A.B. asks: 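Below you'll find the structure I mean.
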Amino acid sequence: MISIIIAVKDNKEYTRKCVESIENNTNIKYEIIFIDNASGQETVGYLNSLPYKYIRNQENKGCAYAWNQGIKSASGEYVCIINNDIEVPANWLLKLKEFYEKHSFVLVSPCMREGELNYNLENYNKAFANTLKNRIFIDEFRGVCLFTKKDLFDIIGFFDENFQIGKFEDEDLFLRIKAKNFSSAVTSTVVIHHYGSKTIKNIKKINTSFEDNNRKYFRGKWKKKYLYRKFLKTKIALRRKFIKLRYGLEY
C-alpha cells in the first residue's frame with residue numbers, strides 16, 4: 001500500500017484534475033489522504049464527495065504541518081507527498097516504487113515539466129525515457145512529489161513545522177537527509193506535469209511575508225550549509241539547462 005498525501009488550500013479545479021489523473025494512471029494499491037488547510041465550501045464539498053481520507057484544519061497550518069498529519073495517518077508502508085496541481089502519466093507510482101526498491105536512495109522524485117499542459121504527457125514520457133535511458137540525477141529532489149518509506153520520518157524526524165504556509169520545508173528535509181549520510185535522487189523513468197505552485201501564488205496575493213520569514217529561518221538553522229544548498233541548486237539549474245539545450249527536454 002502506498003499513501004498519497006495531498007495538502008489542499010482551495011484550487012478545486014486543479015485538485016480535481018490531479019485526482020482524476022491519479023485514478024486514471026495508477027495501477028498499484030494506494031490510498032489518498034487529503035489535508036485541507038481551511039479551504040472554502042466549494043473545495044470542502046468536493047473533497048467530502050471523494051472516497052478518500054479527509055482531514056480538515058480550521059486554519060491554514062501550512063504544508064509542513066499538513067504533511068505531518070498525512071504521514072501520521074498513513075496506512076501504507078510507503079508515502080508519496082504531492083502537490084494538488086500536478087498530473088501524472090501511466091504507471092507513475094509503480095515506477096517510482098520500483099526505482100526506490102532498486103536503489104539505496106531514501107527519497108526519490110520524478111522528473112517534472114512545468115507550465116501549461118499543452119503537450120501529450122504520455123508521449124513526452126516515452127520520448128524522455130528513450131532519450132535519457134534511465135538516467136539518475138543524484139542529490140536532487142522535486143518538492144512537488146516526494147516518494148519514500150514512511151519509516152524514514154522515524155529516523156530523521158517529521159517536517160519542521162516552524163516553516164509557515166509553504167517554502168523551504170522540503171529543502172530542510174533534504175539537508176536533514178544529507179546530515180544522516182543518506183541521499184536522494186530524481187529518476188528519468190517518470191515525468192509528471194506541474195502547473196506551477198498555484199496555491200502558493202494565490203496565497204501570496206494576500207500574504208507576502210511568509211516566504212521571506214521561511215528563508216530567514218532556514219538560513220539561520222543551517223548557516224554554512226545554506227550556502228552549500230545554494231551552490232547545489234545552481235549546479236542543478238546548469239544541469240537542467242544542459243539537458244534542455246542538448247536534448248530539447250525539460251526535467
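None of the values given here were measured: they were computed from a predicted structure.
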A.B. asks: With rounding to the nearest 0.5 Å, note down the distance linking CG in Leu152 to OG in Ser184.
C.D. replies: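 Output value for this atom pair is 10.5 Å.
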A.B. asks: Going from CG on Leu96 to OG1 on Thr189, what distance comes out if it is rounded to the nearest 0.5 angstrom?
C.D. replies: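 So the CG of Leu96 and the OG1 of Thr189 are separated by 6.5 Å.
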A.B. asks: Between the side chains of Glu211 and Arg215, is the shortest nitrogen-to-carboxylate-oxygen separation below 4.0 Å, so that they form an ion pair?
C.D. replies: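 Salt bridge flag = yes for Glu211 with Arg215.
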A.B. asks: Where do Asp139 and Lys178 land on the salt bridge (Lys or Arg N to Asp or Glu O under 4.0 Å) test, with the steps shown first?
C.D. replies: CA-CA 9 Å; Asp139 279 341; Lys178 293 291 289 181; 3.1 Å; yes
A.B. asks: For the pair Asp172 and Trp222, evaluate side chain to side chain donor-acceptor pair (under 3.5 Å) and give the outcome as yes or no after the intermediate values.
C.D. replies: CA-CA 8 Å; Asp172 177 76; Trp222 289 103; 2.8 Å; yes
A.B. asks: Aromatic rings Phe218 and Phe163: how do their planes relate, parallel, tilted or perpendicular, breaks at 30° and 60°?
C.D. replies: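 Ring orientation of Phe218 relative to Phe163: tilted.
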A.B. asks: Give me the one residue out of Tyr124, Tyr251, Tyr119 that meets ring-ring contact (aromatic ring centres under 6.0 Å, His included) with His193.
C.D. replies: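 Exactly one option meets the ring-ring contact (aromatic ring centres under 6.0 Å, His included) with His193, and it is Tyr119.
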A.B. asks: Check whether any side-chain heavy atom of Cys63 sits under 4.5 Å from a side-chain heavy atom of Ile165, and report yes or no.
C.D. replies: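 Side-chain contact under 4.5 Å: no.
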A.B. asks: Does the ring centre of Phe174 sit less than 6.0 Å away from the ring centre of Phe141?
C.D. replies: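 Centroid separation for Phe141 and Phe174: below 6.0 Å.
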A.B. asks: Within the structure provided, determine whether Arg56 and Ser39 are in side-chain contact (heavy-atom separation under 4.5 Å).
C.D. replies: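 The answer is yes; the side chains approach within 4.5 Å.
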A.B. asks: Assess whether a salt bridge exists between Glu77 and Lys150, defined as any Lys/Arg side-chain N lying under 4.0 Å from an Asp/Glu carboxylate O.
C.D. replies: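 No, this pair does not count.
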A.B. asks: Could you go through the side chain to side chain donor-acceptor pair (under 3.5 Å) check for Tyr65 and Asn57 one step at a time?
C.D. replies: CA-CA 10 Å; Tyr65 186 95; Asn57 292 323; 5.3 Å; no
A.B. asks: Do Phe105 and Phe182 have ring centres separated by under 6.0 Å?
C.D. replies: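 Centroid distance Phe105-Phe182: not below 6.0 Å, so no.
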A.B. asks: Considering residues, nucleotides and ligands other than Arg16, do more than 12 of their heavy atoms fall under 6.0 Å from its CZ?
C.D. replies: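 Correct, the count exceeds 12.
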A.B. asks: Should Lys149 and Tyr100 count as side-chain neighbours, where that means a heavy-atom distance under 4.5 Å?
C.D. replies: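 When only atoms from C-beta onward are counted, Tyr100 and Lys149 do touch, with a gap below 4.5 Å.
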A.B. asks: Where do Phe99 and Phe147 land on the ring-ring contact (aromatic ring centres under 6.0 Å, His included) test, with the steps shown first?
C.D. replies: CA-CA 10 Å; Phe99 179 79; Phe147 184 98; 9.7 Å; no
A.B. asks: For Lys72, is the NZ atom crowded, meaning more than 12 foreign heavy atoms sit under 6.0 Å from it?
C.D. replies: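 Count over threshold, so yes.
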A.B. asks: Does any non-hydrogen side-chain atom of Lys221 lie less than 4.5 Å from one of Asp160?
C.D. replies: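 Sidechains of Lys221 and Asp160: in contact.
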A.B. asks: Atom CD of residue position Glu42 - does it have more than 12 heavy atoms of other residues, nucleotides or ligands inside 6.0 Å?
C.D. replies: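 No, because the 6.0 Å sphere around CD of Glu42 holds 12 heavy atoms or fewer from other groups.
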A.B. asks: Same hydrophobic cluster for Met1 and Ile33, using side-chain heavy-atom links shorter than 4.5 Å among ILVMFWY?
C.D. replies: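 No, Met1 does not connect to Ile33 through the hydrophobic network.
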A.B. asks: Rounded to the nearest 0.5 Å, how far does NE2 of His194 lie from OH of Tyr14?
C.D. replies: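 That separation rounds to 10.0 Å.
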A.B. asks: Start with the C-alpha distance between Val8 and Asn37, add both sets of side-chain angles, then the distance that settles side-chain contact (heavy atoms from CB on, under 4.5 Å), and finish with yes or no.
C.D. replies: CA-CA 6 Å; Val8 178; Asn37 270 327; over 6 Å; no
